[in-house]
Colleague: 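There's a structure below that I have some questions on.
Computed from heavy atoms alone, side chains included, the values below leave out hydrogens, waters and symmetry copies. Below, chain A is the first sequence line, B the second, and so on; all start at residue 1.
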Number of protein chains: 2
Amino acid sequence: MAQRTYQSLRAAILDLTYLPGQAMRKSEICETLGVSRSPVSEAIARLATEGLVRVVPQAGTFVSLFSMVEIREGAFLREAIESSAAEYLASRITDEQLALLRRNLKLQEIMVAEADHGGFYGLDREFHALILASTGFRKLQSVAETAWVHVDRARKQVVPVRGRVGETLVEHWAIHDALSSRDPVASRAAMGHHLRQLLAYIEPLEKERPELFDPD
Amino acid sequence: MAQRTYQSLRAAILDLTYLPGQAMRKSEICETLGVSRSPVSEAIARLATEGLVRVVPQAGTFVSLFSMVEIREGAFLREAIESSAAEYLASRITDEQLALLRRNLKLQEIMVAEADHGGFYGLDREFHALILASTGFRKLQSVAETAWVHVDRARKQVVPVRGRVGETLVEHWAIHDALSSRDPVASRAAMGHHLRQLLAYIEPLEKERPELFDPD
DNA sequence: TGGAAGAGAGTGGCATGCTAGAATGTTAGG
DNA sequence: CCTAACATTCTAGCATGCCACTCTCTTCCA
């Protein structure tokens with residue numbers, strides 16, 4: 001049940017139900033979720049290790065502000081992980097795994113045609129998860145997701161405004177093509193290029209919404 | 001003070017004071033460290049997220065067995081992170097940072113000459129920490145360390161037997177040289193080559209001490 | 001004698017009282 | 001009117017009681 005409160009709080013932070021900088025009152029959370037302080041404390045401890053909240057002893061826990069340093073760091077980490085995964089996978093990926101990728105990409109094309117951005121976003125996540133899962137390493141996805149969490153929180157502030165599903169789809173196909181031709185160098189390059197795109201969309205946010213950011 | 005018990009337990013697991021598979025009794029830990037169950041629970045929760053212990057609800061907490069899959073995954077992750085860091089750093093590293101690396105390497109040479117393996121190991125860690133810190137990303141080191149922890153636990157079973165400080169020193173210098181010549185490709189290659197060496201020393205352990213391993 | 005069922009001990013997880021310290025609002029003094 | 005010190009109120013963190021569940025050892029029956 002601590003797991004449940006953890007996921008609940010995490011989701012609330014990511015979709016800005018809890019605003020950056022806002023205090024998270026344990027007593028409030030307890031009565032809202034109908035649980036005791038123990039599971040809430042454990043959940044907050046996990047959120048603190050992820051950097052989503054900042055705990056000040058004997059004072060309070062606060063939702064972390066956006067930090068351009070942490071966002072860049074998260075982007076760097078995910079690029080390091082997924083680019084290496086693509087390179088590693090190029091010489092090992094099976095035809096079945098490639099077929100799963102193609103199936104996912106076909107669905108992405110439908111979502112683009114129907115302008116279903118929510119559906120596209122889900123398939124985007126699944127596409128990257130498929131690639132990481134194909135390596136056979138089980139925890140890679142959770143590490144990448146943890147690294148990515150700060151980028152993702154900022155992305156939600158930007159992407160509804162400036163979508164780029166068309167370009168994203170092309171880049172996804174490029175990754176698939178590099179993998180299917182079993183070219184490690186091209187696979188790393190395609191994945192790296194793809195992941196570097198988003199950061200350019202996020203950078204301006206610091207100037208547009210400075211109140212959300214931690215003055216590093 | 002939960003932090004203190006966490007570090008204490010973590011160290012005990014890493015140097016095999018707690019053997020793989022052994023049960024960790026909370027009550028025992030409480031009276032040993034003289035603390036209550038709350039900080040112990042929090043520490044164990046953190047260890048569980050790192051994969052160092054396995055918690056079976058209402059049954060017990062057990063030190064994780066070695067797992068060749070997790071060891072390979074940790075090695076993959078660290079290579080992904082540090083190789084990318086080396087590539088990233090090649091075009092950004094300052095002369096001061098290079099000087100710090102050189103100073104560290106000079107000390108490593110002394111340790112090799114004096115056959116002080118413990119001292120060399122400490123400098124080895126510092127060398128890699130220096131490189132990660134030079135990127136300006138603050139959490140990189142803790143992520144790499146968390147990823148590496150399973151490899152490190154296995155390493156301690158091997159390296160006292162089969163040291164390779166001489167070869168390691170040569171590889172460290174190669175990394176430094178690639179960085180100082182500001183060559184991203186060579187830097188990534190040198191770091192990747194260096195990190196891939198250790199795994200070859202660990203692989204045989206699975207056959208030598210199968211009782212320590214989780215039959216994946 | 002073997003196997004299964006039951007009783008007991010032990011475990012992790014949740015709930016809750018308590019304490020030390022930080023922040024804020026108020027009051028007293030300059 | 002401003003400043004500084006104090007008191008009140010809040011917080012996180014630790015200690016501890018309680019409970020539901022698991023495991024093991026013993027006992028009883030086939």
Colleague: Quick one: B/Glu31 CD to D/dT16 P, roughly how many Å, whole number?
Modeller: 13 Å
Colleague: Tell me the interatomic distance from A/Leu47, atom CG, to D/dA12, atom C1', rounded to whole angstroms.
Modeller: 15 Å
Colleague: Between C/dC14, C/dG12, D/dC14, which nucleotide gets closest to the side-chain atoms of A/Glu42?
Modeller: C/dC14
Colleague: Grab the NZ-C1' distance between A/Lys26 and C/dT16 for me, whole Å please.
Modeller: 13 Å
Colleague: Check the distance between D/dA12's P and A/Glu28's CD and give it to me in whole angstrom.
Modeller: 11 Å
Colleague: Might you confirm whether atom CZ of B/Arg4 has over 12 heavy atoms from other residues, nucleotides or ligands at distances under 6.0 Å?
Modeller: no
Colleague: Are more than 12 heavy atoms, taken from residues, nucleotides or ligands other than B/Arg10, located less than 6.0 Å from that residue's CZ atom?
Modeller: yes
Colleague: Looking across every strand, which nucleic acid part, if any, lies under 4.0 Å from A/Arg37 by heavy atom: base, sugar-phosphate, or nothing?
Modeller: base
Colleague: What I want to check is whether the side chains of A/Ser84 and A/Arg188 have a donor and an acceptor closer together than 3.5 Å.
Modeller: yes
Colleague: If you look at every strand shown and take non-hydrogen atoms under 4.0 Å, does B/Ser41 touch a base, only sugar-phosphate, or nothing?
Modeller: nothing
Colleague: Report the distance from atom CE of B/Met1 to atom P of D/dA12, rounded to the nearest whole Å.
Modeller: 18 Å
Colleague: Distance check needed: C/dT11 P versus B/Arg54 CZ, whole Å only.
Modeller: 16 Å
Colleague: So, is B/Ser38 near the phosphate of D/dT16, with a side-chain N or O under 4.0 Å from OP1 or OP2?
Modeller: no
Colleague: Select base, sugar-phosphate, or nothing to describe what B/Ala23 touches, counting heavy atoms under 4.0 Å on all strands.
Modeller: nothing
Colleague: May I have the distance from B/Arg46 (atom CZ) to D/dG13 (atom P), rounded to whole angstrom?
Modeller: 12 Å
Colleague: C/dG12 base to B/Gln58 side chain: any donor-acceptor pair below 3.5 Å?
Modeller: yes
Colleague: Given atom CZ of B/Phe62 and atom P of C/dT11, what is their separation to the nearest angstrom?
Modeller: 10 Å
Colleague: On DNA chain C, check which nucleotide each of A/Gln3 and B/Arg25 is closest to and give me the residue with the more 5' one.
Modeller: B/Arg25
Colleague: Is the NZ or CZ atom of B/Arg92 positioned over B/Tyr88's six-membered ring, under 6.0 angstrom from the centre and within 45° of the axis?
Modeller: yes
Colleague: Taking only the side-chain nitrogens and oxygens of B/Ser36, find out if one of them lies under 4.0 Å from OP1 or OP2 of D/dA15.
Modeller: yes
Colleague: Please tell me which of the listed nucleotides, D/dT16, C/dA22, C/dG13, lies nearest to the side chain of B/Val55?
Modeller: C/dG13
Colleague: Using distance only, find each side-chain donor-acceptor pair of residues 23-33 of chain B under 3.5 Å and give its atom names and separation, not counting sequence neighbours.
Modeller:
residue	atom	partner	partner atom	Å
B/Lys26	NZ	B/Ser41	OG	2.8
B/Thr32	OG1	B/Glu28	O	2.7

